[in-house]
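Report on the following structure.
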Number of protein chains: 2
Amino acid sequence: MNIGELAKNSGVNSKMIRHYESIKLIPKAQRNSSGYRVYGDKDVHTLSFVRRARSLGFPLEEIKLLLGLWKNKKRTSSKVKELAQKHIDELQNKIDDLQSMRDSLDHLVKNCHGDDRPDCPIIESLSK
Amino acid sequence: MNIGELAKNSGVNSKMIRHYESIKLIPKAQRNSSGYRVYGDKDVHTLSFVRRARSLGFPLEEIKLLLGLWKNKKRTSSKVKELAQKHIDELQNKIDDLQSMRDSLDHLVKNCHGDDRPDCPIIESLSK
DNA sequence: TCTTGACCTTCCAGCGGTTGGAAGCTTTAT
DNA sequence: ATAAAGCTTCCAACCGCTGGAAGGTCAAGA
């Protein structure tokens, strides 16, 4: 399987597959006689794993660890859980930050007439 | 006032002030005879405005627009409100994304024993 | 056989917002 | 006089991704 087919099968585009190889998230692919990368079914699984982990917001460095745990039959679920919980905490921190921004701005917007006049609590709040 | 003092007074560090100048968020500063940037009180206000807008999560491009509206006495509050509402919507979209990640992961973590055994719904979910 | 076009290769650059460092000049304080 | 603090510019990195340029390879159709 060439990189394009792997991309189709895994849901990770070719550009990113090459990138993931270059940062050593995934191992170097075999090459055929003309230098094309050649893949197998295992690679579809690996890339799909990466895609799903990304969709949960895991950063690539943590996905590296997750891949290691995935392949390690002697892993402990506590190690996985710990990693996931740490990520949940980071997600929550971001959520909190964004919500506090949204709430502040929401309050300002609700108090803004939104008419033809220049007076505006949003601008005033930024100027204060 | 030199850049360091402006940084102290505005809460935006020198590095960022120079950067904001380079991307034309703020106008080029005057220079004294030795090439140092020279600022006045107006600049403190401008940079503080930028800092507050950043703390509400506005991207620099939108802050550029906000600065324009701020300085424009003929602005309409509806224009400001529109900009702010658009940003709220973007914040909300990010919040929704992160919350859905957090919720999925939370569910997995709750079902993970977190013990010495390798079996783990988190890893399984990423592999499926 | 020749051409077209779809695929593959590497390399380089940018996005947004910030931070860090190097190397050199100026000002201030001792 | 000297040292430290502050200023200057330039270059690079972070994260995850996207785009393009310039070229090689392969399959199908005329």
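To find a chain, count down the sequence lines: A is the first, B the second, and so on, and within it residues start at 1.
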* Cut-off 3.5 Å, side chains only: do A:Asp103 and A:Gln99 have a donor facing an acceptor? ->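 The criterion, which ignores hydrogens and geometry beyond distance, is not satisfied for A:Gln99 and A:Asp103.
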* To do: Tell me which of A:Tyr20 and A:Ser33 sits closer to the 5' end of DNA chain D, going by the nucleotide each one is nearest to.
  => A:Tyr20
* Grab the two heavy atoms, one from A:Gly11 and one from A:Arg51, that are nearest each other, plus how far apart they are. =>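 Heavy atoms of A:Gly11 and A:Arg51 come nearest at O-CD, 3.4 Å.
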* **Closest contact, heavy atoms only, A:Met16 versus A:Val12** => CB-CG1, 3.7 Å
* State which residues pass ring pair (Phe, Tyr, Trp, His ring centres under 6.0 Å) with B:Tyr36; sequence neighbours excluded, sorted by chain then number. =>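 If we apply the ring pair (Phe, Tyr, Trp, His ring centres under 6.0 Å) test to B:Tyr36, skipping adjacent residues, there are no hits.
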* Evaluate side chain to side chain contact (heavy atoms under 4.5 Å, CB included) for B:Asp43 paired with B:Ile26, printing each intermediate quantity in order. => CA-CA 9 Å; B:Asp43 301 295; B:Ile26 57 173; over 6 Å; no
* Could you walk me through whether A:Asp115 and B:Ser77 pass the side-chain hydrogen bond (donor to acceptor under 3.5 Å, both in side chains) check? -> CA-CA 6 Å; A:Asp115 57 21; B:Ser77 65; 3.1 Å; yes
* Would you sort out whether A:His107 and A:Asn111 count as a side chain to side chain contact (heavy atoms under 4.5 Å, CB included), showing the intermediate values? => CA-CA 7 Å; A:His107 180 255; A:Asn111 288 330; 3.4 Å; yes
* Between the side chain of B:Arg52 and the main-chain N/O of A:Ser127, is any donor-acceptor distance below 3.5 Å? ->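 Yes.
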* Considering only heavy atoms, which members of residues 40-69 of chain A lie under 4.0 Å from some atom of DNA chain D? -> A:Arg54, A:Pro59, A:Leu60
Between [atom2] on [N] and [atom1] on [X], what's the gap in Å once rounded to a whole number?
X        : N      : atom1 : atom2 : answer
A:Met101 : C:dG17 : CE    : C1'   : 12 Å
B:Leu25  : C:dG16 : CG    : P     : 12 Å
A:His19  : C:dT10 : NE2   : C1'   : 15 Å

* To do: Dump the intermediate steps for salt bridge (Lys or Arg N to Asp or Glu O under 4.0 Å) on A:Lys64 and A:Glu61, then the final yes or no.
  => CA-CA 5 Å; A:Lys64 233 177 248 192; A:Glu61 274 310 312; 3.4 Å; yes
* To do: Step by step, work out the side chain to side chain contact (heavy atoms under 4.5 Å, CB included) result for B:Tyr39 and B:Asn9.
  => CA-CA 11 Å; B:Tyr39 298 97; B:Asn9 295 337; over 6 Å; no
* So, is B:Asn13 near the phosphate of C:dT18, with a side-chain N or O under 4.0 Å from OP1 or OP2? ->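 B:Asn13 to C:dT18 OP1/OP2: no side-chain N or O under 4.0 Å.
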* Once each nucleotide of nucleotides 4-9 of chain C is scored for protein heavy atoms under 4.0 Å, what B/S/- sequence comes out, 5' to 3'? -> ---BSB
* Asked: Which pairs with one or both residues in residues 14-30 of chain A pass side-chain hydrogen bond (donor to acceptor under 3.5 Å, both in side chains), sequence neighbours excluded?
  ->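 Residue pairs passing side-chain hydrogen bond (donor to acceptor under 3.5 Å, both in side chains), neighbours aside: A:Glu21-A:Arg37.
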* About how many Å separate CG of B:Asp97 and OG of A:Ser55, when rounded to the nearest 0.5 Å? ->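 Reported value, rounded in 0.5 Å steps: 11.0 Å.
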* **Name of the residue among A:Val109, A:Ile123, A:Leu126 meeting side chain to side chain contact (heavy atoms under 4.5 Å, CB included) with B:Val80** => A:Ile123
* To do: With axes from five pairs an end, tell me the bend angle of the helix from C:dT1-D:dA30 to C:dT30-D:dA1, nearest 10°.
  =>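 Inter-axis angle at the termini of the helix from C:dT1-D:dA30 to C:dT30-D:dA1: 30°.
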* Taking heavy atoms of chain B and a 4.0 Å limit, find me the 5'-most and 3'-most nucleotide of DNA chain D within that range. => D:dG6 to D:dT9
* Asked: Below 3.5 Å, does any donor atom in the side chain of B:Lys15 face an acceptor in the base of C:dG21, or the other way round?
  -> yes
